[in-house]
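Below is one structure, written out as structure tokens; the observations come after it.
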Protein chains: 2
Amino acid sequence: MPTIKDVARIAGVTPTTVSRVINNRGYLSQNTKQKVYQAMDQLNYSPNAIARSLFSKKSGILGIILPDLRHPFFAELAGYIEFYANQSNYKLLICNSNHNATKEKQFVDLLKSNQIDGLVMASHTLDVDEFARLEYPIVTFDRIIDQFPYVCSDNHQGGVLAAEKLISLGCKKVGHICGNLQLDLLSNQRSWSFIKTMKEHGIEPIIIQTGNDVFDYSHYEELITPLFRDHPDVNGIFTTSDILAAYVSRVCNNLGIHIPKDLKLIGYDDVPLSTWMIPQLSTIRQPMREMAERIVQLLTNVQTRQHYNANIFDVEFIKRATS
Amino acid sequence: MPTIKDVARIAGVTPTTVSRVINNRGYLSQNTKQKVYQAMDQLNYSPNAIARSLFSKKSGILGIILPDLRHPFFAELAGYIEFYANQSNYKLLICNSNHNATKEKQFVDLLKSNQIDGLVMASHTLDVDEFARLEYPIVTFDRIIDQFPYVCSDNHQGGVLAAEKLISLGCKKVGHICGNLQLDLLSNQRSWSFIKTMKEHGIEPIIIQTGNDVFDYSHYEELITPLFRDHPDVNGIFTTSDILAAYVSRVCNNLGIHIPKDLKLIGYDDVPLSTWMIPQLSTIRQPMREMAERIVQLLTNVQTRQHYNANIFDVEFIKRATS
DNA sequence: TGGAAACTGTCAAGCGATTGACATTTTACA
DNA sequence: TGTAAAATGTCAATCGCTTGACAGTTTCCA
């Protein structure tokens with residue numbers, strides 16, 4: 001790989017001048033610029049970002065630790081974050097923790113070593129104090145850790161919205177399918193608010209938790225089927241993700257339960273899947289694009305970071321065919 | 001951030017010694033090691049990977065340029081690549097080109113600047129010669145560029161398999177929905193082989209192309225619906241992706257066409273979506289995990305790179321409910 | 001007891017770029 | 001013609017870490 005010295009030699013100037021051209025500082029004649037550009041072109045030179053980073057102490061890289069890139073929600077989130085990061089000249093390093101605390105810890109160290117300029121923490125198995133000693137900006141997603149700014153959808157509103165919809169649709173016996181309510185995740189507020197609202201209307205929801213392996217879909221079907229065996233009169237279900245809803249839809253199909261005639265179904269997220277399903281899924285939409293934009297702002301812009309600690313985004317009920 | 005000097009000072013040794021401890025070279029007494037580890041711990045030190053990269057000329061980063069992380073196929077692929085890269089101590093930098101040649105070019109430059117140790121090229125809008133001058137290992141996905149090793153599924157076999165299945169199911173009038181057949185992509189071989197096999201059986205498939213904006217799903221429905229208007233007797237369809245198949249399934253649902261009774265449907269990829277659909281999709285499975293593993297090997301292992309230029313993976317017909 | 005082998009540690013150059021301080025030459029214009 | 005501004009260049013330090021060369025101290029055994 002050619003270095004700045006090679007360029008300088010070819011262009012007949014000093015490395016300092018080449019650096020000046022690259023960074024456009026100081027006085028430079030058209031002629032000099034021309035020569036330098038030409039030499040860079042001739043050598044197919046591009047400045048070594050590593051060396052620049054060493055000096056500038058900025059890597060221009062943001063990191064994200066998430067549970068699983070293959071989950072549509074996180075793929076979508078990561079996709080948008082990459083988009084906005086890119087707009088601000090940042091690159092995105094993606095780390096799949098697979099919900100594994102050890103890997104998560106390793107990634108935190110790895111990203112620290114790599115001098116990333118900011119971290120999005122969207123996987124939450126680590127103890128809180130692991131983060132206390134990190135030096136770079138951190139934004140957490142769907143969880144509050146220490147004083148770090150966090151981003152989430154208005155989970156409370158989402159739970160209430162889902163409950164009210166099901167009630168207004170006349171559901172008397174409702175089920176709720178969610179992840180692990182023991183975890184200290186903001187997204188669990190969806191469930192709490194849903195349950196609370198239901199209770200206020202005199203309905204005691206039947207709750208099914210997927211447990212810790214939220215991302216292992218293989219057991220979803222066996223988990224959901226008994227709900228309908230034990231409670232054949234269930235006529236409304238709210239799930240905390242669209243994928244869970246897809247499985248409900250499938251189980252109902254197996255059992256001959258017609259949606260929306262026999263059962264109203266509401267998901268959460270509004271990932272593309274919700275429109276690919278048949279019938280198309282009614283869901284609570286998280287404004288992913290806006291959330292991703294804010295996440296990048298929080299990491300790259302000190303003012304934003306200082307002004308917004310709690311970044312709670314309104315959700316919206318999207319009516320499709322399952323309700 | 002503490003540096004190696006700080007650690008040396010606290011431990012009462014020289015930076016060289018600390019470096020030796022970190023890299024475990026030369027003779028070191030237990031006592032010295034102990035002191036150094038303790039100092040590192042006390043300072044919460046982790047070596048600056050940027051500085052190490054500058055010296056070693058290795059960044060430990062692989063890059064991938066893909067059209068859209070939000071597409072399940074690429075999310076899955078990237079997820080697996082990240083997994084295997086990680087196993088070999090590499091990180092993964094993800095770049096979404098959004099099918100935009102300018103962005104693609106920018107990413108190529110950007111990744112070059114960042115001294116990545118290898119590139120997976122899975123987005124193909126650039127002219128071939130743009131790649132000629134890149135210094136790091138490159139693997140292309142689903143396209144042949146110059147002499148670079150490439151990875152793909154056996155698209156020919158996939159097309160034949162799909163055709164034979166439909167024929168054996170008794171389909172007489174078949175449709176085929178694909179991307180843009182003008183592009184020089186290996187994945188288009190699926191279509192060519194499908195069409196050829198069909199013709200050999202005296203069937204002239206009706207072909208619908210999504211055009212260049214393959215990733216803009218919004219027009220899929222209007223694209224597919226006319227097929228059934230113009231050819232009500234179509235009773236078999238092969239699509240080049242599972243997502244396309246999901247749209248076919250939806251359109252059929254709209255039009256009251258029953259799958260698999262009235263129409264047999266076969267997709268391609270076998271992404272999780274295919275099991276979330278109702279009815280579950282029969283599809284041609286690409287061995288994504290194995291392909292990702294090979295991709296990482298090709299980039300990180302010279303021997304592999306020298307031995308395997310064409311990396312074509314067998315596909316498999318997965319029978320589910322749509323056939 | 002002498003000297004090689006086994007340890008332990010220091011020094012300084014270098015990776016590729018940036019930048020402040022300073023010097024010299026050219027250009028422009030009053 | 002004189003002088004300030006513009007243009008170009010030199011030099012050396014710096015970012016944090018690695019490593020070959022070298023030096024000093026122990027250990028051990030013939």
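Just so it is clear: chains get the letters A, B, ... in the order the sequence lines come, proteins before strands, and each one is counted from 1.
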Below 4.0 Å: OP1/OP2 of [N] and any side-chain N or O of [X]:
X       : N      : value
B/Thr17 : C/dG9  : no
A/Tyr27 : D/dA6  : yes
B/Asn23 : D/dT18 : yes
A/Lys57 : D/dG16 : yes

*For residues A/Tyr45 and A/Ile4, determine if any side-chain heavy atom of one lies less than 4.5 Å from a side-chain heavy atom of the other.*
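SC-SC contact between A/Tyr45 and A/Ile4 confirmed.
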*Are the side chains of A/Ile64 and A/Leu93 in touch, meaning some heavy atoms are under 4.5 Å apart?*
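Sidechains of A/Leu93 and A/Ile64: no contact.
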*On DNA chain D, check which nucleotide each of A/Gly12 and B/Ser46 is closest to and give me the residue with the more 5' one.*
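Its nucleotide being nearer the 5' end, the pick is A/Gly12.
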*Among the candidates C/dT10, C/dT19, C/dC15, find the nucleotide nearest to the side-chain atoms of A/Arg25.*
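Given the options C/dT10, C/dT19, C/dC15, the side chain of A/Arg25 is closest to C/dT19.
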*Nucleotide nearest B/Asn48 when distance is taken to its side chain, options C/dA17, D/dG16, C/dG20*: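 Output: D/dG16.
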Grab the [atom1]-[atom2] distance between [X] and [N] for me, whole Å please.
X       : N      : atom1 : atom2 : answer
A/Arg20 : C/dT18 : CZ    : P     : 12 Å
B/Phe55 : D/dT18 : CZ    : C1'   : 4 Å
A/Lys58 : C/dT19 : NZ    : P     : 11 Å

Under 4.0 Å, heavy atoms only, any strand: does [X] hit a base, just the sugar-phosphate, or nothing?
X       : result
B/Ser19 : base
A/Thr32 : sugar-phosphate
A/Thr16 : base

*So, are A/Asp6 and A/Arg9 salt-bridged, with charged N and O less than 4.0 Å apart?*
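Salt bridge between A/Asp6 and A/Arg9, a charged N being under 4.0 Å from a carboxylate O: yes.
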